[in-house]
Participant: 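Pasting in a structure now, in structure tokens, and then I'll have a few things to ask.
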There are 2 protein chains.
Amino acid sequence: MERKRSDRIADALEGLIFDGTFADGDRLDEVQLAGRFSVSRTPIREALHRLSQSGLVVQIPRRGVFVRQPGPVELIEMFEVMAELEAVSARLAAARISETALAELHAANERCKHAVEARDTDGYYLENEQFHAIIYRQSGNSFLEQECLRLQRRLQPFRRVQLRVRGRMKQSMAEHEDVVAAIEAADGDRAAAAIRRHVSVQGEKFHHLMASLKPAAE
Amino acid sequence: MERKRSDRIADALEGLIFDGTFADGDRLDEVQLAGRFSVSRTPIREALHRLSQSGLVVQIPRRGVFVRQPGPVELIEMFEVMAELEAVSARLAAARISETALAELHAANERCKHAVEARDTDGYYLENEQFHAIIYRQSGNSFLEQECLRLQRRLQPFRRVQLRVRGRMKQSMAEHEDVVAAIEAADGDRAAAAIRRHVSVQGEKFHHLMASLKPAAE
DNA sequence: ATTGTCATTCTTGTATACAAAACATCTTGA
DNA sequence: TCAAGATGTTTTGTATACAAGAATGACAAT
């Protein structure tokens with residue numbers, strides 16, 4: 001099943017925004033992008049439309065589309081919602097997870113551990129993503145799973161930056177252990193609390209997140 | 001700020017799907033719709049693209065777009081997530097709500113009560129929507145507010161049907177009272193529990209929801 | 001000098017034309 | 001008769017052409 005060109009362009013644009021090629025507030029010129037991707041304006045417009053739906057970009061009628069990176073306040077808000085969604089996932093997963101999935105969760109956590117030991121930030125990031133995805137899935141609620149994945153994807157670049165903070169990976173791992181233990185014990189409330197602590201931005205994490213935003217604000 | 005034509009068309013199509021003009025599984029023909037709205041295919045395609053992003057319609061490459069109403073399982077899942085999001089809103093609102101907003105909440109609840117007394121189902125539906133919207137807003141988290149509104153909108157037609165069940169409006173009102181009392185007492189946990197009970201689909205409500213889906217399944 | 005107005009130009013929004021892929025139908029061979 | 005392939009038709013995806021609204025800049029009037 002081949003995807004269409006505008007979808008691939010949307011993904012590419014997403015990447016260009018995440019990696020900073022297009023900064024907050026930049027206008028995305030249709031003809032310019034059409035040139036860059038060697039297509040006409042039509043697929044570009046469709047791609048921009050998709051990005052606008054996902055909130056990565058804001059479209060002002062008759063004015064154009066502009067990159068819209070969330071500010072500090074919105075970021076905190078998004079992490080707050082993410083923490084709650086993950087907490088729900090974890091609570092449900094604790095009750096509903098299958099034995100084989102529990103084994104997978106352990107395996108994913110082991111892979112995280114190895115990445116930490118290898119000081120492989122990117123590797124850890126990917127394995128961590130997998131770890132969380134397993135929990136979403138084991139909530140047994142596919143709609144919830146989708147919503148979690150959507151937000152996870154949106155917060156991806158910011159989480160990634162967080163991991164670069166000294167000692168954060170090890171702390172993150174310790175939190176994982178709590179989560180796994182709670183789920184294994186089928187203790188929904190504890191699992192929810194553990195993952196909420198893991199995800200939510202508080203104390204030092206808040207400070208670091210703000211610091212990481214500084215360059216973008218200049 | 002004038003919206004563009006394709007947005008109005010998307011809204012119109014949304015309505016046509018909600019009111020059953022287009023049933024689940026129907027293919028939405030681009031040229032046919034273009035004729036119906038007296039525009040070219042371009043704005044139709046943009047509108048369909050938007051609907052596809054919001055999940056109301058599924059787009060199969062090179063095959064067309066098809067109406068995709070959620071089935072029983074997905075509906076239950078969506079209500080489960082909605083209940084949790086509202087619970088979070090209520091918990092936060094209980095801690096953060098302002099005095100004036102609390103007064104507004106009371107006022108909205110009064111209007112609900114009047115609608116119940118007048119047996120005005122549609123009126124109740126609208127006021128109820130307002131009531132919940134106030135809670136979302138008073139969570140103090142605009143991102144959460146937006147997410148709640150999005151889901152509320154998506155579940156709108158199904159909630160509406162629920163209200164037509166005999167006695168449901170009165171029960172709904174009673175649940176509102178619990179929620180208001182808990183928020184007024186700044187008891188976040190109680191508010192969350194109350195609104196979770198109010199929104200979640202369980203027991204009789206589950207039965208009625210399934211019954212309301214029967215006609216669509218034929 | 002500043003401000004308001006007008007015109008030019010640029011960019012988005014829409015229509016139409018074209019290309020390509022999927023579907024249906026018809027033919028042909030065993 | 002049935003199957004497989006070719007062909008024609010329909011429909012989506014993309015390109016281009018056109019229309020309309022907004023930004024920019026010049027010029028005039030106070």
Side-chain angles (χ1 to χ4, degrees), chain A residues 1-18 20-70, chain B residues 1-18 20-70 150 153:
Chain A
M1 168 180 161
E2 191 64 25
R3 302 175 60 214
K4 50 181 186 172
R5 194 133 46 170
S6 64
D7 281 339
R8 287 206 307 272
I9 291 173
D11 288 343
L13 284 176
E14 222 175 74
L16 290 174
I17 291 174
F18 285 160
T21 305
F22 295 115
D24 184 59
D26 283 2
R27 190 172 73 85
L28 298 180
D29 190 280
E30 293 180 359
V31 299
Q32 188 179 318
L33 291 174
R36 176 193 275 256
F37 288 100
S38 305
V39 295
S40 80
R41 276 176 55 219
T42 311
I44 298 289
R45 281 178 65 82
E46 292 199 4
L48 290 177
H49 205 73
R50 206 185 88 178
L51 294 189
S52 139
Q53 293 296 113
S54 78
L56 208 72
V57 108
V58 65
Q59 189 170 25
I60 303 175
R62 294 276 177 199
R63 301 278 304 267
V65 309
F66 300 84
V67 177
R68 170 88 175 92
Q69 289 287 30
Chain B
M1 168 179 164
E2 190 66 24
R3 303 175 61 214
K4 48 181 187 172
R5 194 135 41 170
S6 63
D7 281 340
R8 287 206 308 273
I9 291 173
D11 289 343
L13 284 177
E14 221 175 75
L16 289 174
I17 291 174
F18 285 160
T21 305
F22 296 115
D24 184 60
D26 283 2
R27 190 174 74 86
L28 297 180
D29 189 279
E30 294 181 359
V31 299
Q32 188 178 318
L33 291 173
R36 176 194 274 255
F37 287 100
S38 304
V39 294
S40 80
R41 275 175 55 216
T42 311
I44 298 289
R45 281 178 67 82
E46 292 201 3
L48 290 178
H49 206 73
R50 206 185 89 179
L51 293 190
S52 138
Q53 292 296 113
S54 77
L56 208 70
V57 110
V58 65
Q59 189 170 26
I60 303 173
R62 294 278 177 197
R63 300 281 304 267
V65 309
F66 300 83
V67 176
R68 169 88 174 99
Q69 290 286 31
R150 199 168 57 88
R153 192 168 157 71

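In the text below, chain A, chain B and the rest are named by the order of the sequence lines, each starting its count at 1.
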Participant: With a 4.5 Å limit on heavy-atom distance, are the side chains of B:L51 and B:I17 in contact?
Facilitator: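 A side-chain contact exists here, since the closest heavy-atom pair is under 4.5 Å.
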
Participant: Atom CD1 of B:I44 to atom P of D:dG13: distance rounded to whole Å?
Facilitator: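 Answer to the nearest Å: 14 Å.
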
Participant: How many angstroms lie between atom CZ of B:F22 and atom CZ of B:R27, to the nearest 0.5 angstrom?
Facilitator: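 Separation between the atoms: 11.5 Å.
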
Participant: Quick one: is D:dG13 close enough that its OP1 or OP2 comes under 4.0 Å of any side-chain N or O from A:R5?
Facilitator: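 It does not, given that no N or O in the side chain of A:R5 lies less than 4.0 Å from OP1 or OP2 of D:dG13.
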
Participant: Tell me whether the OP1 or OP2 atom of D:dT12 has a side-chain N or O from B:R63 closer than 4.0 Å.
Facilitator: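 So the side chain of B:R63 is outside the cut-off, no N or O lying under 4.0 Å from OP1 or OP2 of D:dT12.
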
Participant: Contact class for A:V39 vs. all strands (heavy atom < 4.0 Å): base, sugar-phosphate, or nothing?
Facilitator: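 Sugar-phosphate only.
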
Participant: Relative to the 5' end of DNA chain D, which residue comes earlier, A:S38 or B:G64, by the nucleotide with the nearest heavy atom?
Facilitator: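 Whichever sits nearer the 5' end wins; that is B:G64.
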
Participant: Could you work out which one of C:dT14, D:dA15, D:dG13 sits closest to the side chain of B:Q59?
Facilitator: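 Shortest atom-to-atom distance from the side chain points to D:dG13.
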
Participant: Over how many whole Å does the gap from B:R62 atom CZ to C:dA20 atom P extend?
Facilitator: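 That distance rounds to 9 Å.
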
Participant: Could you tell me whether the phosphate oxygens of D:dA15, OP1 or OP2, come under 4.0 Å of any side-chain nitrogen or oxygen in A:S40?
Facilitator: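 For D:dA15, OP1/OP2 do have a side-chain N/O of A:S40 under 4.0 Å.
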
Participant: Starting at CD of A:Q32 and ending at P of C:dT12, how long is that distance when rounded to a whole Å?
Facilitator: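 My rounded result for the distance is 10 Å.
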
Participant: Distance check, rounded to the nearest 0.5 Å: B:R68 atom CZ versus B:Q59 atom CD?
Facilitator: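 If we round to the nearest 0.5 Å, B:R68:CZ and B:Q59:CD are 15.0 Å apart.
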
Participant: If you measure from the Lys or Arg side-chain nitrogens to the Asp or Glu carboxylate oxygens, is any gap between B:R5 and B:E46 under 4.0 Å?
Facilitator: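 Judged by the 4.0 Å cut-off on N to carboxylate O distance, B:R5 and B:E46 do not form a salt bridge.
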
Participant: The side chain of B:D29 lies closest to which of these nucleotides: D:dA15, C:dT14, D:dT11?
Facilitator: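 Given the options D:dA15, C:dT14, D:dT11, the side chain of B:D29 is closest to D:dT11.
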
Participant: Can you tell me the distance, in whole Å, between the CZ atom of B:R45 and the P atom of D:dT12?
Facilitator: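 The answer, rounded to whole Å, is 8 Å.
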
Participant: Which whole-number value in Å describes the distance from B:D7 CG to C:dG13 C1'?
Facilitator: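 Those two atoms, CG and C1', are 11 Å apart.
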
Participant: From CD1 of A:I60 over to C1' of D:dG21, roughly how many Å is that when rounded to an integer?
Facilitator: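 In whole Å, D:dG21 C1' lies 15 Å from A:I60 CD1.
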
Participant: Does a side-chain N or O from B:R27 land closer than 4.0 Å to OP1 or OP2 of D:dT12, or not?
Facilitator: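 Answer yes for this pair, as a side-chain N or O of B:R27 is under 4.0 Å from OP1 or OP2.
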
Participant: When the distance from NE2 of B:H49 to P of C:dG13 is rounded to whole Å, what number comes out?
Facilitator: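 Taking NE2 of B:H49 and P of C:dG13, I get 15 Å after rounding.
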
Participant: Can you say whether a donor on the side chain of B:R41 sits under 3.5 Å from an acceptor on the base of D:dG13, or the other way round?
Facilitator: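 Such a pair exists between side chain and base.
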
Participant: Counting distance only, does the side-chain N/O of A:D26 pair as donor-acceptor with the main-chain N or O of A:V67 below 3.5 Å?
Facilitator: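 Looks like no, no N/O pair under 3.5 Å.
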
Participant: Let me know the distance between CD of B:E46 and P of D:dT12, rounded to the nearest Å.
Facilitator: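 The distance from CD of B:E46 to P of D:dT12 comes to 16 Å, rounded to the nearest Å.
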
